[in-house]
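Below is one structure, written out as C-alpha cells, with a few remarks after it.
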Amino acid sequence: MESLPEAVLIQILAYIPAADLVLVCRLVCCQWKNLVDGPALWILKCQQEGLTRAEPDAENWQNFYFLSKKRKNLIKNPCGEEDLEHWGEVENGGDGWKIEELPGDFGKEFPSEEVHKYFVTSYEWCRKAQVIDLRAEGYWEELMDTTQPKIMVRDWYAGRSDAGCLYELCVKLLSENEDVLAEYKSETITIPQDNDASWTEISHTFSNYGPGVCFVRFEHGGQDTLFWKGWYGVRITNSSVTVEP
C-alpha cells in the first residue's frame with residue numbers, strides 16, 4: 001500500500017465506510033491521516049453518492065458529507081400520526097388540541113400528498129413544544145461550534161374558511177445549561193374569518209449563532225378568534241427542523 005500513488009490510494013479508501021475512515025483509517029499512519037483529513041477523498045465520496053453542493057470550491061468536504069448523510073427532520077410526529085406523542089409542555093386551552101384528517105371541514109388539501117393529518121387548536125390558546133438534543137441526534141460539539149451549520153425551521157398553518165384564528169411560532173437555540181443563544185419568534189399571525197383555508201409555510205434559518213448550541217426548542221400554537229366551542233382554531237402540520245449541509 002505504501003508504494004501506491006496517492007490518487008490510487010484515495011480511490012481505494014473511498015470504498016470504506018465514512019465512520020471507519022475517521023475512527024480507524026486516519027489512525028494507521030500520517031499519510032492516511034492527511035488523506036482522511038483532506039478534501040480529495042471526501043469530494044470523491046460525495047461524487048460517488050450523488051451529494052452536490054452549491055459552492056464546489058468550499059472547504060470542509062468531510063463535514064459536508066456527514067451533514068448531508070445525516071440530514072433529516074428532527075421533529076418527531078410532525079403531522080399528528082401518533083396523536084400528541086413526543087410533544088411536551090402541552091397547553092390545552094378551550095377544548096384542547098385535536099388531530100383531524102385532511103382536508104377537514106371547510107379546509108383544503110395539503111400541498112404534499114404525503115401529509116394526511118394535522119393538529120387543530122380550540123377557542124383558547126393551545127401550545128405544544130419539542131426539545132431536540134443535537135448531540136443525541138449525532139451532531140457533535142466540535143461540528144456545531146466550529147462549522148455552525150445552518151439550522152432550518154419550517155412550519156405550516158391554515159385556518160378553516162368559516163372561522164378566524166391566530167398562530168404563533170417560537171424557536172430557541174439553547175446551550176447545555178438551556179441558556180438562550182439565539183431565538184426566532186414570529187409575530188402573532190391573524191387569519192380572518194371567510195379566508196380561503198389555504199396552507200401557508202413559515203420558515204427561518206439560524207446561521208452564525210456562535211458556539212455552545214446543544215438543543216433546539218420548537219414551540220407553536222394558536223386559537224380561534226370567534227371563541228366557538230370545539231376546534232375552529234388554527235391548523236398546524238408538517239413541522240420540521242433540519243441541520244443543513
A side-chain contact here means heavy atoms from C-beta on lying under 4.5 Å apart; do D224 and R160 qualify? no
Could you go through the side chain to side chain donor-acceptor pair (under 3.5 Å) check for Y209 and Q148 one step at a time? CA-CA 7 Å; Y209 39 77; Q148 293 183 34; 5.7 Å; no
Would you please indicate yes or no on a ring centroid separation below 6.0 angstrom for F227 and Y123? no
With a 3.5 Å cut-off and no angle check, do the side chains of D196 and S198 form a donor-acceptor pair? yes
Taking G221's backbone N and O only, do any of them form a donor-acceptor pair with W125's side chain (distance below 3.5 Å, no angle check)? no
Partner of I151 under side-chain contact (heavy atoms from CB on, under 4.5 Å), chosen from T205, V241, I132, L74: V241
Do Y157 and T121 have side-chain heavy atoms sitting under 4.5 Å apart? no
Regarding S122 and E124, is there a side-chain donor-to-acceptor distance under 3.5 Å anywhere? no
Side chains of T147 and N63: any donor to acceptor distance under 3.5 Å? yes
Can you tell me which residue among S239, S203, S186 is in a side chain to side chain donor-acceptor pair (under 3.5 Å) with D155? S239
Under 4.5 Å between any side-chain heavy atoms of L181 and L174, yes or no? no
Under 3.5 Å side-chain donor-acceptor pair for N77 and H86: no
Tell me, do P78 and N73 make a side-chain contact under 4.5 Å, heavy atoms counted? yes
Between N195 (side chain only) and A197 (backbone N and O only), is there a donor and an acceptor less than 3.5 Å apart? yes
Could you tell me whether the side chain of W231 and the main chain of G96 form a donor-acceptor pair under 3.5 Å? yes
Would the number of heavy atoms belonging to other residues, nucleotides or ligands and lying under 6.0 Å from CD of Q48 be above 12? yes
Under a 4.0 Å N-O cut-off, is there an ion pair linking E219 with K128? no
Distance only, no hydrogens: is a donor on one side chain within 3.5 Å (strictly under) of an acceptor on the other, for Q223 and Y167? no
Would you sort out whether L13 and W32 count as a side-chain contact (heavy atoms from CB on, under 4.5 Å), showing the intermediate values? CA-CA 9 Å; L13 291 174; W32 283 33; 4.0 Å; yes
Does the side chain of L67 come within less than 4.5 Å of V243's, by heavy atoms? yes
Would you indicate whether the side-chain heavy atoms of R135 and D133 approach each other to under 4.5 Å? yes
Quick one, L134 and M144 - any side-chain contact, counting heavy atoms below 4.5 Å? yes
Any idea how W87 and F119 line up, ring-wise: parallel (<30°), tilted (30 to 60°), or perpendicular (>60°)? perpendicular
Measure the shortest side-chain to side-chain distance between K117 and L102 over non-hydrogen atoms and say whether it is less than 4.5 angstrom. no
Closest contact, heavy atoms only, Q193 versus W228: NE2-CH2, 3.8 Å
Ring center gap for W156 and F110 short of 6.0 angstrom: yes
Salt bridge check: are E91 and R127 linked by an N-O gap of less than 4.0 Å? yes
For the residue pair Y232 / D162, report whether a side-chain donor-acceptor contact shorter than 3.5 Å exists. no
State, without any angle test, whether T188 and E168 hold a side-chain donor-acceptor pair at a distance under 3.5 Å. yes
